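Notes follow once the structure below has been shown.
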Amino acid sequence: MTQPAEVALAMDWGGTWSRIAVADGQGEILWQSRRLNDPASDRERLIGDSEDLIRQAVEWCGERAIAGLGIAVGGPVDAPTGALMEPNLPALNGVSLPALWAPLLGRPVYVGNDANLAALGEFRYGAGLAARRQGNAPRTLVYVTVSTGIGGGVIEQERMFLGAHGQAVEVGHMVIDRSSAAPRCRCGRGGCLESLASGTAIARIARLRAAEPGAGDSPLAGPEPAQITSERVFEAAGQGDPLALDIVNGAVQALAVGFTNILHLYNPDLLALGGGVTSGLISLGLLPQINALMLESAMTEGHRDIRLEPSRLGDAAGMLGAASLVWDGAGRGGG
Ligand SMILES: [Zn+2]
């Protein structure tokens, strides 16, 4: 009888959901579960709820050997201690999950920032793997998620680029528009990429524009502007509504500027795009336009040697990146 293959436990501890998976060494998710976080919960409750998820996963594993647990979290992570810094669940600030759970599990525990780990997941098991299979192994991969917010990560020589304090690659807070008319960003500044092209920004811009007299007979100019979401804007754009198309075009232009900056900063050969807004852009067939605009402004041939690809792993990218930390087994998960 052969022993069942060793598995990794992987968590994605987001602001809304806590998700857990059991993954094998090939990046296949064998089992997964999730529960809603109550942001009003205190620290003990949040940790207790996640320990329940871990217990379920361990039970599912049965006879399978568990190599360790990798955890993706929103916000930066202190590299030496694995402590969470300013996480999206404020009650967890300062908590070191490796210190808490490694003794409980009897296996190594790694923690990293969710966007950086999504980049690692895409490199190993997603867009990076697809490129390797086509004979185009990427040297430098940049992953950008364009969703309610905009975040990203860089994989250089198979390793996450973290920065001195684990806070590198805040692509959403690249300033694109310095004019006085630029929208405010949640970071407190104005004109960041996130304030121009995220799902939140697209919905906010649409609500403002739909209330203007010029909105005319746009389907966005209904009686309830508060109901407008970015999905609704993409839907209206797909039906050819000029207002929605103009709003989407604003996001396209901002993203193209941001991506050209990324080419010049990191010189990637693969730029993988994830998130709900990316799905909307793909549904409208806009990735080639973004690609063309980005290349138009690139400085040299070396910067233009880049492929823009949709992410392959969807919302499992962060968990599979966390599983990669376990397989690496060397504590690369600083931030
Ligand atoms: Zn910002």
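When a ligand or atom number is given, it counts from 1 through the structure's own listing order. As the structure is a computational prediction, the values presented were derived from the model and not from experiment.
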Pairing residues for Asp269 by the salt bridge (Lys or Arg N to Asp or Glu O under 4.0 Å) criterion, not counting sequence neighbours:
Arg139

For residues 270-291, which side-chain donor-acceptor pairs fall under 3.5 Å, sequence neighbours excluded?
| from | atom 1 | to | atom 2 | distance (Å) |
| --- | --- | --- | --- | --- |
| Thr278 | OG1 | Gly274 | O | 2.7 |
| Ser279 | OG | Gly275 | O | 3.4 |
| Ser283 | OG | Gly280 | O | 2.6 |

If you measure only the distance, is there a donor-acceptor pair under 3.5 Å linking the side chains of Trp31 and Gln56?
no

Answer yes or no: is there an ion pair linking Asp52 with Arg55, defined by an N-O contact shorter than 4.0 Å?
yes

Could you list the donor-acceptor pairs under 3.5 angstrom formed between side-chain atoms of residues 239-254 and any protein atom two or more places apart in sequence or on another chain?
| from | atom 1 | to | atom 2 | distance (Å) |
| --- | --- | --- | --- | --- |
| Asp241 | OD1 | Ser218 | OG | 3.4 |
| Asp241 | OD2 | Ser218 | OG | 2.8 |
| Asp241 | OD2 | Ala244 | N | 3.0 |
| Asp246 | OD2 | Arg209 | NH1 | 3.1 |
| Asp246 | OD2 | Arg209 | NH2 | 3.0 |
| Asn249 | OD1 | Gln253 | NE2 | 3.2 |

State, to 0.1 Å, how close Glu122 and Ala317 come at their nearest heavy-atom pair, and which atoms those are.
OE2-CB, 4.1 Å

Protein N, O or S atoms lying under 2.8 Å from the Zn ion (ligand 1), listed by chain and number:
His173 ND1, Cys185 SG, Cys187 SG, Cys192 SG

